[in-house]
Amino acid sequence: MNLSEITNGLNDKQHQSVALDNTQNALILAGAGSGKTRVLTHRIAYLVTQKNIHTDSILAVTFTNKAAAEMRERLGTLLRRSIQSMWVGTFHGLAHRLLRTHYEKAGLTSGFQILDAQDQYRIVKRLMKENNIDESKFPVRKVQWFINQQKDEGIRAQDVDPGYNFFVKKSLEVFVLYEAHCRANDLIDFAELLVRSYELLKNNAELLEHYQTRFSHILVDEFQDTNTVQYKWIQQLFTGNNQVFCVGDDDQSIYGWRGAKIENITKLETDFAPIQTIRLEQNYRSTGHILSASNALIANNTNRMGKSLWTDAGDGDLIDVYEARTETDEADYVVRKIQKLIKDGGRASDCAILYRSNAQSRVFEEVLIKYNVPYIIYGGLRFFERGEIKDALGYLRLIENTADNVAFERIVNFPTRGIGNATLEKIREFARNEHTNLFQAAQQVSPTLPTRASNALKGFIALIEQMVDDSKHLDLSEKVAHLLSASGLMNHYANDKTDKAGSKKENLEELISAAKQYKHEEDSEMNEVVGFISLASLDSSGDGNAPAVDNVQLMTIHSAKGLEFPNVFLGGLEEDLFPSRQSKDEPHLMDEERRLCYVGMTRAMKRLTLSFAVKRFLHGQSLYAYPSRFLDEIPSEYINKVKAKFGATQVNYQEDDIYNQDIEPQANGQLAVGAGVRHAKFGYGSVLNFEGDGDSARIQIKFKTAGTKWLIASYANLEFV
DNA sequence: GTTCTCTAAGTTTTT
DNA sequence: CTTAGAGAAC
C-alpha cells in the first residue's frame, strides 16, 4: 500500500495529522463532522504501512463499544490484513483484558466477576441495611454515586477526607464496607476495572515496563471524555520514547457528570510535551445554516479552547423550530414530517429523533406506531440489563463458578422454591463466619434447618449440581438452552401473566441465539463462558445485529454522539427539561447542557428540526414550560418558525386503515409491511415491521385488540389474510 | 413463605 | 407515570 492510498481525499489539515512524523506527539482538536474517525484510522494505517510499525505495538482506545467496533472494521478494510493482535477497545474493555491476563498480580482469582450498575446498587443497599444506615436519610443511589465519583478520581476509601459533611461521613462508612465486600468476593465494578488495572501497572514495575515498551503508539479517541483515572492510565504508559496521538473536541464534552475532565485536553499540552496541536475545522457533515446556528450557540460557553467550524457545502435549509401545544402534538408534527420525507423518496433510517432523556421516547414511540412508521429505539433498558436475562445469566454464572455469590443471591430463590429470607440469612452468616462462599455455606447449613427449608435448599443444591454435571459437554448455546429449561425459568416466564406480550420469553429465546452468535477469541485469557458473561456486562447494548429493515432511529443525544443523520429532529427544547432542571444552578453544568445541545444539532447533515411544547405531561403531571434558552441563543436568521394552527393536527385517521398511510409497503413474499394477519390468541392485526425471513423472521404486528408485539415466525403460526 | 394489593417515592445522561 | 416496598391474606 502506498502513501497516496492513505492520504487520498484528505484535506490539508487531515493530511498533516495523518502523516505527522512518527516520533511526534499530537493533539488533534477535531470539530464535529471534521473527519475525526477518518484521521484516526488513517493515522494507524500510515504508521503500519509507511513506518513499519507492527500492529502489536499499537494501542487504540475509544470510549464506546460501538466506536471500537467501527474502528476495527474500518482498519480491517483499509489495511487488508489481520488486526487480531492489535489492542483496539474501550478503556473498560482493555482494562478488563489486563486484569484477566494478570489476575494474580492484581490480587484477584481467575473467577473474578464484573458488577454492573444494578449489581452494585443491590450490594450497596444490602450493606446499608445490614449496618442500619437509614436509607431515607442517605438514599442508596446517592451513596452509590458518591462511591463511584471517588473511584473515578482514583481515590480509595482510606484516602477520602470526610471533613465535617455528615453525608460524606456516612457514605464513607458504606464505601469502606463496600470495598471490603468486593475484595472478599472478587468483585470488580466498572470504575474498579480502571483503578485496579492502573494500580496493577503502578505496583509492578516489570509489567509496566513491558507494556510501555510494547506500545510504541498510543491513540486515544474522544479525549475530552477521559476521567482522572483514564488520564493517569494513559500517562503511565507514556515514557517519552513512545508517542501519543489524541483526538478530541472540548465542545463535545458531555460526560462531566460521569467524572470526565475537559481540562485533561489542556493538561496534555504540558504533561505530554512536546506535543503538536492541529485543529480540524472544516466540517463535511452539515449545511451552512445548521453549522452557523451551532457555532452561535456554543459561542455562549466560557473557557473554550476556541474553534470555529466552516463548510463549503452552501447554506442549505433553514432550521425549523416548531412550537407544539403538547408533547403529543410535538411527536405528531415530527412523525408526520418524517412520513412526508419518506413519501418524497427519503429513507426512514435517514431520520433520527433525539431527546435529552429516555422518558421522552415513549410519546414518539406511540405516535410512530399510530402512523405505522417503522422505528428502532436505542438505549433505554438494554438487552443484557433485562431482569429475565440477568436471571438466566445468574444460572450460567453459578454453573460456571459456584463461588459466584452475586449470582447465588440472584437466583437461589428464583423461580421461587421456598427458600426465604430467614434461610438465606443463616447461609450468609455461616459464609461470613467460615469465610466461604454462599453455595458451600448452603451445603453445610442445609442439614441443620427445619425440614421444609432444608428440603427446599437441598433441592436447589441438587439442581445446581445436576446442571453443572449435565452441561459439562454442551457448547455455550446448548448450555444456555439447557439451563433455561432445567432451572424452570423458561416455564416461569411462559406462564407469567404480567408478561402480556410474552416478550420476556422471547428475550430468553433471543439469549440462546445471542450465545450461538457469540464469537469467542481463540487466544483469549478467558474460556468461552466467562467471555460471554463478560461481554454481557461490558457491552450492554446486546443488539449487535443491525436492523434489517429501514427504521427511524430514536435515541438520547448522548448515544447519538459520533453519529450523523440527514434529518435530525431534536425535541423537548424547554427550560427544566433541556437544559435539565438539575443543571440550572451551576454554570459549569449549564455549559455542559449547551454542549449537549451543540452535539445534538451538529448530528444533522441536511435538515434540522427543533421543537418544544408549551405544555408537557411529565412525571405524572401536566406542566407549562418556557422555551429553552438555547433557542434564544440561535440567531433568528437561521430559523424558520413553525407554529401549530388550531386543529392542524386533527387528522382524519382510521386506526385500521393502513393503506391510507404514506408508507411504501416493504415486502418479502407473503410477509410485507401492511399485510393482514391472524394469530390464534391475539386475533387480527397488521404487520408493522419485520427482520429476517422464513421461520427465523421476527415480525412486529399491531393487533386490533392485543396491542403491538414482536413475534417469532416459527412460533407465532400466523395466518395471512 | 408466597402472593396479592396498596401506598409512597422518585425520576438525566452510560462504560 | 413508573417502580419498589410494606403489609395483609393465603
Side-chain angles (χ1 to χ4, degrees), chain A residues 61-68 89-96 114-118 120-122 125 129 135-136 139-142 145 148 151-152 188-194 222 225-227 229-230 253-260 327 354-363 366 378-382 384-385 387 413-424 449-450 452-453 455-457 496-498 534-541 555-561 572 576-584 589 592-593 595-597 599-600 616-623:
Chain A
V61 197
T62 65
F63 224 73
T64 65
N65 292 299
K66 215 189 221 166
T90 63
F91 276 102
H92 295 266
L94 295 172
H96 179 233
I114 301 172
L115 288 181
D116 69 12
Q118 282 174 50
Q120 188 186 38
Y121 179 89
R122 282 161 169 256
K125 182 168 184 139
K129 211 168 211 170
E135 272 179 48
S136 59
V140 180
R141 218 154 271 296
K142 291 229 168 93
W145 179 257
N148 287 332
K151 294 175 90 161
D152 283 342
I188 302 287
D189 59 43
F190 285 140
E192 185 75 21
L193 283 168
L194 301 170
E222 310 274 20
D225 287 333
T226 52
N227 65 28
V229 186
Q230 288 163 334
S253 164
I254 54 175
Y255 286 100
W257 53 274
R258 208 170 69 185
E327 75 283 350
L354 308 181
Y355 34 79
R356 174 72 238 267
S357 73
N358 276 310
Q360 287 167 257
S361 68
R362 224 194 60 233
V363 186
E366 281 165 7
Y378 296 93
L381 193 52
R382 285 163 188 71
F384 285 118
E385 285 170 5
N413 195 34
F414 192 85
T416 48
R417 46 174 72 89
I419 302 168
N421 221 339
T423 307
L424 253 177
L449 296 170
R452 220 165 96 186
N455 286 338
L457 191 54
D496 187 355
K497 288 182 210 79
T498 58
S534 303
L535 173 91
S537 331
L538 287 176
D539 185 4
S540 50
S541 67
M555 66 191 89
T556 62
I557 304 168
H558 281 90
S559 28
K561 188 158 91 157
D576 289 350
L577 180 63
F578 193 16
S580 151
R581 204 199 143 87
Q582 282 94 321
S583 305
K584 272 212 145 143
L589 293 179
E592 182 152 316
E593 294 284 322
R595 289 194 293 269
L596 191 57
C597 187
V599 168
R616 180 176 293 269
F617 193 74
L618 207 65
H619 309 325
Q621 52 183 340
S622 250
L623 293 171

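Just so it is clear, the values below take in all heavy atoms, side chains as well, and ignore hydrogens, waters and symmetry mates. In the text below, chain A, chain B and the rest are named by the order of the sequence lines, each starting its count at 1.
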| query | Got more than 12 heavy atoms from elsewhere within 6.0 Å of NZ, A:Lys584? | reply | yes

Do any N or O atoms from the side chain of [X] and from the backbone of [Y] form a donor-acceptor pair under 3.5 angstrom?
X	Y	result
A:Asn413	A:Arg417	yes
A:Glu593	A:Ser580	yes
A:Glu366	A:Val363	no

| query | Which sits closer to the 5' end of DNA chain B, A:Thr423 or A:Ser357, going by the nucleotide each is nearest to? | reply | A:Thr423

| field | First of A:Arg417 and A:Leu596 reached from the 5' end of DNA chain B, by closest nucleotide | value | A:Arg417

Tell me whether the OP1 or OP2 atom of [N] has a side-chain N or O from [X] closer than 4.0 Å.
X	N	answer
A:Asn358	B:dT13	yes
A:Thr556	B:dT14	yes
A:Thr64	B:dT14	no

Would you mind classifying the nucleic acid contact of [X] as base, sugar-phosphate or nothing, using non-hydrogen atoms under 4.0 angstrom?
X	answer
A:Phe617	sugar-phosphate
A:Ile254	nothing
A:Arg452	sugar-phosphate
A:Asp116	nothing
A:Phe91	nothing

| task | Check the geometry between A:Trp257 and B:dT13 and answer yes if their rings are stacked (centres below 5.5 Å, planes below 30°), otherwise no. | result | yes

| task | Pick the P atom in C:dA4 and in B:dT13, then give their distance to the nearest Å. | result | 16 Å

So which atom in [X] and which in [Y] form the shortest heavy-atom distance, rounded to 0.1 Å?
X	Y	value
A:Gln230	A:Asp225	OE1-O, 3.8 Å
A:Phe578	A:Gly572	CB-O, 3.5 Å
A:Trp257	A:Glu592	CD1-OE2, 3.1 Å

For the pair made of [atom1] in [X] and [atom2] in [N], what is the distance, rounded to whole Å?
X	N	atom1	atom2	result
A:Arg581	B:dT13	CZ	C1'	18 Å
A:Gln360	B:dT13	CD	P	9 Å
A:His92	B:dT15	NE2	C1'	4 Å
A:His558	B:dT15	NE2	C1'	13 Å
A:Lys66	B:dT15	NZ	C1'	14 Å
A:Asp152	B:dT15	CG	C1'	10 Å
A:Ile188	B:dT15	CD1	C1'	15 Å
A:Phe414	B:dG1	CZ	P	18 Å

As a test of reading the structure: which of [options] is closest to the side chain of [X], going by heavy atoms?
X	options	answer
A:Asn413	B:dT2, C:dC1, B:dT14	B:dT2
A:Tyr255	C:dC1, B:dT14, B:dT15	B:dT14
A:Thr416	B:dT3, B:dT15, B:dG1	B:dT3
A:Ala422	C:dC1, B:dG1, B:dT14	B:dG1

| query | Under 4.5 Å between any side-chain heavy atoms of A:Gln360 and A:Leu577, yes or no? | reply | yes

Pairs under 3.5 angstrom, nitrogen or oxygen only, protein versus nucleotides 6-11 of chain B, please.
| from | atom 1 | to | atom 2 | distance (Å) |
| --- | --- | --- | --- | --- |
| B:dT11 | N3 | A:His619 | ND1 | 3.2 |

| Geometric cation-pi criterion, A:Lys561 with A:Tyr255: 6.0 Å, 45° | no

